[in-house]
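Okay, so here's the structure we're looking at.
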Amino acid sequence: HGRISQLAFLGQITTRAGYHLPGAIDGAGDSFADFPNGFAAIGGPDSIPGAGTGQILFFIGALELAVMKDVTGDNEFVGDFR
């Protein structure tokens, strides 16, 4: 959870400083800078559409279930994915 929190913090700092990924985020041509920062991107009037939020949650769930697991059972501690 520490690494996830660090990445979330850096994401907040960089987007609030005005740095956004280039290009379009969807087929309609909306750019990354068109969406607000923070929680407003999830539930505000100009938020990411529900299908996009669902895709993000599905991807995270797929990573948790299929990729981020200890296959061999040889980990030294919880979260050791070497």
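Residues Ala41 and Pro36 come closest through the heavy atom pair CB-O, 3.3 Å. The nearest pair of heavy atoms linking Ser47 to Phe35 is O-CE2, 3.7 Å.
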Kindly list each side-chain donor-acceptor pair under 3.5 angstrom involving residues 20-34, sequence neighbours excluded, with atom names and distances?
residue, atom, partner, partner atom, Å
Asp26, OD1, Ala28, N, 3.4
Asp26, OD1, Gly29, N, 3.3
Asp26, OD1, Asp30, N, 3.0
Ser31, OG, Asp34, OD1, 3.3
Ser31, OG, Asp34, OD2, 3.4
Asp34, OD2, Ser31, N, 2.9

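One distance of note links CD1 of Ile48 with CD of Gln55; it measures 10.5 Å at 0.5 Å rounding.
When the shell of 6.0 Å around CG of Leu57 is examined, it contains more than 12 heavy atoms from other residues, nucleotides or ligands.
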